[in-house]
Amino acid sequence: VTGAEALARTAVAGGIDMVFTNPGTTETHLVAAFEAEPGVRQVLCLFEGVCTGAADGYGRIAGKPAVALMHMGPGLANGLANLHNARRGGAPLVAVVGDHARSHRNVDAPLTSDIASLAGAMSDWVRTTGAPDEVSRDMAAAIAVAQRGAVATLVVPTDCQWSTVDAPIVSIPPWTCGFYEHRVAETAEALQAATPSRAALLIGGRLDEATLRAADRVAHAVGCRLLVDRAPQFQVGSVDVPAPERLEFPSDLLAQQLAALDLLVLAGAELPKAFFATTHSPNHPVQPDTRVQLLAEPEDDVLGALQALVEVLGGPEPDPSSREPVTPPTGALTRESLAAVVGSTQPSGALVVDEAITSGFPYRRLLDRCPPHTWVPVTGGAIGFGLPAAIGVALAAPERTVLALVGDGSAMYTIQALWTQARLGLEVTTIICSNRRYAILAGEYQKAGFGDSQSSAAHLFELQRPELRWPELSASMGVPGTSVNTAEGLRAALMRALEEPGPHLIEAQLVP
Ligand SMILES: Cc1ncc(C[n+]2csc(CCOP(=O)(O)OP(=O)(O)O)c2C)c(N)n1
Ligand SMILES: [Mg+2]
C-alpha cells in the first residue's frame, strides 16, 4: 500500500467514517485513498472554516472524530478559527494537512510555510510525518489523542503519501474513559462538610440527560447549587430535564454569581474565568478562598463519577417536576418573540446549533421549556461556527432535524456552508437573526465610553448599506430562502421548512 492508503486504512481502523475537505494538489493521494474506503464519506466544503466547523459539530454529536482534510499552510489557516472552537470545547477532531514532498521543502516553492507552527496555536497535538513507514503510526496517534476530546493535527508530506510502505496498519480501539474513586470520596466529604447554600457543583462537557439527572441528584442530596458551563459541547433540554443555572457571560455578573461560594466542585467543567477583562471585574471570578474540588475532568467518565457520588451521598430521587411548555406568540418579531416561536415550534428531538449571539439571549432562557432537544453552542467565541456545525451535527444524526440560529453578522463568515447543506440535502433549517448589525459590538463600543450608535464608528457595526438579501443569497447556493417580519410569519415559515425535505433558510427580520 501507499502511505496515503495506509493513512486512510488507519482512519477506518480507528473508527473514522467522515472527512470534510477542501483539498489541493498535496492532498490528491489522500483524497483518492479515502475515496477507495467504502466506510468513509468525503464531503466537499467550499472553505476550510466550513471543514473544521463541520468536523467540530460531527465530533460533538457522534462522540468520535471526523477528519478535516486541508491544503497546506494557507488552507489550514483558513480553517483555524473553527479549529479553535473545537479545541476550546474539547471536541474530538483530526486535522490532516498535506505538505510538499520532503525533497521540495528547501526549494521554497510558493506554497511553502511553517504548517506545524500554524497548527500548534490551535491544536492540542501536532506531528509532521517524517517517513512513509511512519504514516500509519502517526495517524493512529492522532486518532488516539483526538478521541479523548482534543484537536490533533497531522501534517503529511506528499512523498510520504505516494511512497510504498511496509509498516503494518496500526489499529486504535475506541477510547474508554474512567474516573478516580478517590476524587469521588474527597468530593463527597467536601460536599457533606460544606454549608449547602455556599457550595456548588459545576458541570460541563457532554451534557446528556443521564449526566444532568445524576448531577441534579447530587445537588438534591446535599442541597447545593447546580451550575452549568456557559458553553458545553452540548446540553440536552426539555420541560422535565434538570436545567441548571448557567454561568453568566458578563464578567461582573459572573463574579457576583460565584462570590458566595466556600466550595466549588468541577465535573467535566473547567474553572470559570471571565470571558474578557474589564476595568472593574476580576479575571478569575472564583474567590481565592473558595475551595475548588475536582470530581472529574472533561475527558474523564463524568457520568460515572457523578453516579458514584450519588451512591455515596444517597438520598431519594428528586420528585419529577415539569415546566410549562413555550406557547407561540403573535405580533412583532423581537428576540423574545423569536425565542417563543422557535421554542414552541421546534420538533421533538431537534439539534439546535446556537450562534445567535445577542438575539439568542431570550431563547437560551427558554431552553428548559422547549420540546426535547440538544443544544449545541459556540464553545470558543470565534464566530462563523453555526452554518458549518449544522452540517456536521446533521451528518452525525441523520434521523434528527437540525435548527441553526445564527446572527446575521456571524452567518456571513461561512455562508458557503449552505452549498454543502444543499448538495447533501441535509435536514437543516437556518434562522438568520437579522438585526442588520453587529449588535454586541455596538453595545460594547457604547459601554467602553465611545458614545452611542450615532457616533462616528457606527458604520463599523451596521450591516445595512448595502442590505444583505438573504433569500437570494441562499437560493443562489441551492437552499430555498424566505424573509419574515412577524411572529406568525416566522412560525408559518418554520413549519413549512420542517415539512419540506432538505435545507431551508429563514431570515427573521427583527424590529430595530
Ligand atoms: C472570528 C471572529 N471574528 C470576530 C469576532 C468579534 N465578534 C464577536 S460578535 C461579532 C458580531 C456578531 O454579529 P451578529 O452575528 O450579527 O450577532 P449580534 O451581535 O448582532 O447579535 C463579532 C464581529 C469574533 N468573535 N470571532
Ligand atoms: Mg446581528
Side-chain angles (χ1 to χ4, degrees), residues 2-8 10-11 16 18-35 40 42-56 65-87 93-132 134-139 141-143 145-146 151-163 165 382 384 388 413-414 416-417 420:
T2 65
E5 288 163 347
L7 185 144
T10 308
I16 285 177
M18 196 65 68
V19 176
F20 298 101
T21 186
N22 189 280
T25 305
T26 50
E27 293 72 41
T28 311
H29 292 264
L30 293 170
V31 163
F34 277 125
E35 206 57 29
V40 174
Q42 293 197 91
V43 172
L44 177 61
C45 303
L46 302 186
F47 178 66
E48 293 83 351
V50 179
C51 301
T52 49
D56 179 4
V67 165
L69 175 60
M70 296 171 283
H71 181 51
M72 309 187 79
L76 172 64
N78 280 341
L80 283 180
N82 276 331
L83 210 59
H84 162 88
N85 282 326
R87 185 176 76 90
L93 195 159
V94 175
V96 176
V97 184
D99 193 7
H100 284 310
R102 289 169 296 167
S103 62
H104 203 62
R105 283 222 183 104
N106 290 339
V107 171
D108 197 30
L111 271 160
T112 306
S113 72
D114 184 353
I115 304 177
S117 287
L118 282 169
M122 285 165 186
S123 308
D124 297 288
W125 178 100
V126 182
R127 186 174 292 173
T128 303
T129 293
E134 292 166 10
V135 171
S136 179
R137 187 200 67 191
D138 290 349
M139 184 62 178
I143 296 168
V145 169
V151 171
T153 300
L154 180 62
V155 183
V156 192
T158 41
D159 60 315
C160 295
Q161 300 174 30
W162 68 52
S163 303
V165 303
Y413 282 62
T414 42
Q416 59 275 66
T420 300

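We number each residue from 1, following the sequence as shown. From a predicted model like this one, the values you see are computed outputs, not experimental measurements.
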Heavy-atom closest pair, residues Ser123 and Leu83: OG-CD2, 4.1 Å
Test item: Asn82 side-chain N/O and Gly49 main-chain N/O as donor-acceptor pair under 3.5 Å: yes
Sequence-distant partners of Ala66, side-chain contact (heavy atoms from CB on, under 4.5 Å), two or more places apart: Met18, Phe20, Ala55, Tyr58
Residue pair Asp138 / Gly130: nearest heavy atoms and the distance that separates them: OD2-N, 4.4 Å
Residues Thr28, Val31; criterion side chain to side chain contact (heavy atoms under 4.5 Å, CB included); working and verdict: CA-CA 5 Å; Thr28 311; Val31 163; 5.9 Å; no
Inter-residue atom distance Asp99.CG - Thr112.OG1, 0.5 Å rounding: 7.5 Å
Separation between CG of Leu30 and CE of Met70, rounded to the nearest 0.5 Å: 12.0 Å
Stepwise side chain to side chain contact (heavy atoms under 4.5 Å, CB included) check, Cys51 with Leu69: CA-CA 8 Å; Cys51 301; Leu69 175 60; over 6 Å; no
Heavy-atom pair of closest approach, residues Val135 and Gly3: CG1-O, 3.4 Å
4.5 Å side-chain heavy-atom contact, Leu44 and Pro23: yes
Short side-chain to backbone donor-acceptor contact, Glu48 and Leu76, under 3.5 Å: no
Considering all heavy atoms, the nearest His71-Thr26 contact: ND1-OG1, 3.0 Å
Glu35 side chain vs Gln42 backbone, donor-acceptor pair below 3.5 Å: no
From Leu154 atom CG to Thr128 atom OG1, the distance as rounded to the nearest 0.5 Å: 7.5 Å
Whether Arg87 side chain and Asp124 backbone form a donor-acceptor pair below 3.5 Å: no
Set of residues satisfying ring pair (Phe, Tyr, Trp, His ring centres under 6.0 Å) with respect to His100, sequence neighbours excluded: His104
Donor-acceptor under 3.5 Å (Thr414 side chain, Gly384 main chain): yes
Separation of Arg137 CZ from Thr10 OG1 (nearest 0.5 Å): 11.5 Å
Backbone N/O of Leu7 and side chain of Gln161: donor-acceptor pair under 3.5 Å: no
Nearest-0.5 Å distance that lies between atom CG in Leu93 and atom CG in Asp56: 6.5 Å
Thr129 side-chain N/O to Pro157 backbone N/O, donor-acceptor pair under 3.5 Å: no
Minimal non-hydrogen separation, Pro132 against Asp159, with atom names: CG-O, 4.2 Å
Heavy-atom side-chain proximity of Met139 to Val94 below 4.5 angstrom: yes
Over 12 foreign heavy atoms within 6.0 Å of CG, Asn106: no
Heavy-atom closest pair, residues Pro65 and Ile16: O-CG1, 3.5 Å
From CD (Glu5) to NE2 (His29), nearest 0.5 Å: 10.5 Å
